[in-house]
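So the structure is just underneath, and the comments pick up after that.
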There are 4 protein chains.
Amino acid sequence: MERTLSGRERDDKVQRIKDAALTVFSQDGYGQATIQDVATEACVGKGTIYLYFSSKEELLDTILLDVLEGYRTQIEQIVAEDGDVRQRLRHLLTYVLGGADRRRRQLSFLLRGTSDIGGDFKRQALRIKKDIMEALTGLVRAGIERGEIRAADPLMMAHIISGTVESLAAARLWEYDELVAEADGDNWPEELAGLAVNCLYQGMKP
Amino acid sequence: MERTLSGRERDDKVQRIKDAALTVFSQDGYGQATIQDVATEACVGKGTIYLYFSSKEELLDTILLDVLEGYRTQIEQIVAEDGDVRQRLRHLLTYVLGGADRRRRQLSFLLRGTSDIGGDFKRQALRIKKDIMEALTGLVRAGIERGEIRAADPLMMAHIISGTVESLAAARLWEYDELVAEADGDNWPEELAGLAVNCLYQGMKP
Amino acid sequence: MERTLSGRERDDKVQRIKDAALTVFSQDGYGQATIQDVATEACVGKGTIYLYFSSKEELLDTILLDVLEGYRTQIEQIVAEDGDVRQRLRHLLTYVLGGADRRRRQLSFLLRGTSDIGGDFKRQALRIKKDIMEALTGLVRAGIERGEIRAADPLMMAHIISGTVESLAAARLWEYDELVAEADGDNWPEELAGLAVNCLYQGMKP
Amino acid sequence: MERTLSGRERDDKVQRIKDAALTVFSQDGYGQATIQDVATEACVGKGTIYLYFSSKEELLDTILLDVLEGYRTQIEQIVAEDGDVRQRLRHLLTYVLGGADRRRRQLSFLLRGTSDIGGDFKRQALRIKKDIMEALTGLVRAGIERGEIRAADPLMMAHIISGTVESLAAARLWEYDELVAEADGDNWPEELAGLAVNCLYQGMKP
DNA sequence: AATGAATGAGTATTCATTCAT
DNA sequence: AATGAATGAATACTCATTCAT
């Protein structure tokens, strides 16, 4: 009867637990959610979770890093695309604003989730944030080199881009303004992304 | 014969408790912080806190709203100033980026920890966020009317402003990039604000 | 301005506090009732109660003893009356069953209140209970001497009397049977008392 | 793979907790007893109690109802016996007065502590008390039909019986009179029961 | 004498974690 | 490997009691 889980089976179970944790934590908040909740959502026993994660906090850290890394990967990929920078920027915004429930849960995590994390993990999270900023800075630099973007402080521009993305994402998540709340066309994320990029490009000067 | 706290005395004590809670919550996170920690920091007994707040969560909600309202008030004030809009924008950024420890604690609070908040409070918090967005939108509209800003979607521009501010503030708080981390002149917030406003105005188009 | 309460004033206040405690304790139970509840009901400050009672428990003990002593006094008085024993028994029952709200609160105390009392007080309470049983025993003995009651164990008869009284009183208090619940004539306590005494006298033998 | 408590195991544990609670509550009173006391007495962890009872109060209610129901069951059984009513009455008294420590604890419980019970539970408790009174009333009616007992108000007679039993039981519990306190023969409960029944039958009339 | 603000000891309750099966 | 019953550390919250005014 003794049997060892194949790597594939193991990975499936771990993923199921992480998905459940993402759902439950983003719904109730890390503090309110219980391990039992996660276990129930994942259709496993409480004890099983401890076979794969040493503590509730490690579970939190893991999925936070997962989400962050997912973003980094995706953003780095978009940044590395061929073609003009403006198009890549539109991709970026479309990616963050689009996506269905699962992405929204992830976003909810990113935008508020750092309240219960320990110092050891914080460093990794900041490392990833830095990576993302660097990717954006690189994108700006590429635009300047290609003559698509005017020569200005690339890091500041990266902040402007990143901040705009996050602000729109938050608005979408909490639904606090019309720009995002009332968007309902089939491809509203793309349209919104286009609008945002236009604004970013032209600046505020008349 | 009687001994009832005057309004002033009462307010002082309440403020002491809120300050202590802000300090402790922003340091350890709401979940980790204990009421005893707050009481010790405020130099009062545990029970005293419950004379003024019905629960730990009410204390959290109260200071979160306080901080948010403080920001709203200040921002609305800056937005209502006379003079050109560009100058007001610089003020705004300087205000958020500047400030000493207390302001940093508040920021840390805003940018972290909405993981443990309940539905009733959430509505108020979003109401305030909306107010802030509306104030910014108004500022953009004023700029357009005055011919200082080109005619574009004011709400999108407000997002760009708000996002930029938050991104820079977060960078300052978590110290994850050089732009902010290495700023050390006497008036770096102002200089950074100026730089940001320039970028915002001119846009990315070459 | 310094002034000492006259004995009369002092007694009034003590009585007000005891009345309030009787009301509150019998309503909510000693465990649930708070000193603040008692103070509010008595229209005094919390601190004032501690001028006259050293602790919540002493307050409980005091009113329990008060109630018990009131019963003892009343019963000893009835037992000492002139005239035939049967008449005195009717008085006794009428006294316990009759009386308005205040008496009911007292009863509620007597019939359930011994759950939270300490050992030191218990002795006094039992002393009084014993006194009451002795008074009843004496009444039976008097009846036997007068030829009104057949010669049998007087203590057992005292138990029968006392038990009957308590059982009817409890039924009235908790309203769990028709005999008492539906009594509503103007002088139902007397009628019920008469019925009980008849039954007690004639016994069950056919 | 699985490990779920069988019904039997579960019942055993629940019973152990209820026994412990009965012991502790009757010793120290509900208010003074702590859940830790009960857990220690039951040789389980504090948390285990909450696996089977949702609160301290539910535990109290449960054992109170258990004890009451035990009495009801036993009394209804005795009442339903064959043979003459007088004999059944003796059984009844012997049952209540006799019994070893466990029964005394139960009695102590019934006669003390209804000071902390809530409204929902109260109804059930009164329902049971009513059932007991009805059983006694039925016994009296049976006696009347059989010609063993004179025709009189059966409910009043039930009160007389019930009151006598309780009065004697209380005397035994608190040991406040000689009738019960000095009883020490091997079968004193039966003798006392016989004496009581004699008195009840013959009445007080000479 | 009277008061009620302040206090902290005391406790019910929760829940992450363990471990026998 | 998987489970969930058992556990007790940890903590929010209550309230009797004190004491400055």
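Residue numbers begin at 1 in each chain, while the letters A, B, ... track the order of the sequences. FYI, side chains are in, hydrogens and waters are out, and symmetry mates aren't considered; it's all heavy atoms of this structure.
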*In the structure shown, which nucleotide is the Watson-Crick or G-U wobble counterpart of E/dC15, with both distances under 3.5 Å?*
F/dG8
*Paired with F/dA1: which nucleotide, if any, by Watson-Crick or G-U wobble criteria at under 3.5 Å for both distances?*
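No nucleotide pairs with F/dA1.
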What's the [atom1]-[atom2] distance between [X] and [N], to the nearest Å?
X	N	atom1	atom2	answer
D/Leu51	E/dT13	CG	C1'	12 Å
B/Ile17	E/dA5	CD1	C1'	12 Å
D/Glu9	E/dA20	CD	P	15 Å
C/Gln36	E/dA2	CD	C1'	14 Å
A/Tyr50	E/dA20	OH	C1'	18 Å
C/Leu59	F/dT17	CG	C1'	14 Å
B/Tyr30	F/dT11	OH	P	13 Å
A/Ile49	F/dG4	CD1	C1'	12 Å

*Give a yes-or-no answer on whether the side chains of A/Thr62 and A/Glu58 include a donor-acceptor pair shorter than 3.5 Å.*
no
*asked:* Need to verify one output field. Residue with the more 5' nearest nucleotide on DNA chain F, B/Gly47 or D/Val44?
replied: D/Val44
*Compare all side-chain heavy atoms of B/Tyr30 with those of B/Glu57 and state whether any distance is below 4.5 angstrom.*
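Yes; the side chains approach each other to less than 4.5 Å.
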_Note, A/Lys129 side chain near B/Trp174 side chain (heavy atom, < 4.5 Å)_ = no
_Taking only side-chain N and O atoms of C/Ser55, does any of them lie within less than 4.0 angstrom of OP1 or OP2 on F/dA16?_
no
_Taking only side-chain N and O atoms of D/Lys13, does any of them lie within less than 4.0 angstrom of OP1 or OP2 on F/dA6?_
yes
_I'd like to know if B/Asp12 pairs up with B/Arg16 as an ion pair, taking the criterion as any Lys NZ or Arg NE/NH1/NH2 lying under 4.0 Å from an Asp or Glu carboxylate oxygen._
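Between B/Arg16 and B/Asp12 there is no salt bridge, as every charged N stays at least 4.0 Å from the carboxylate O atoms.
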*asked:* Consider side chain to side chain contact (heavy atoms under 4.5 Å, CB included). Of A/Val24, A/Asp19, A/Val44, A/Leu22, which one does A/Val38 pass it with?
replied: A/Val24
_Among E/dT3, E/dG4, F/dT7, which nucleotide has an atom closest to any side-chain atom of C/Lys46?_
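Between E/dT3, E/dG4, F/dT7, the one nearest the side chain of C/Lys46 would be E/dG4.
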*Nucleotide of F/dA12, F/dA1, F/dA6 approaching A/Arg10 most closely (side-chain heavy atoms)*: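 The nucleotide sitting nearest to the side chain is F/dA1.
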_Nearest-nucleotide 5' precedence on DNA chain E, A/Ser54 against C/Thr48_ =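 Upstream on the strand: C/Thr48.
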Under 4.0 angstrom, heavy atoms only, what part of the nucleic acid is [X] near: base, sugar-phosphate, or nothing?
X	value
D/Tyr52	sugar-phosphate
C/Lys56	sugar-phosphate
A/Thr34	sugar-phosphate
B/Ile35	sugar-phosphate

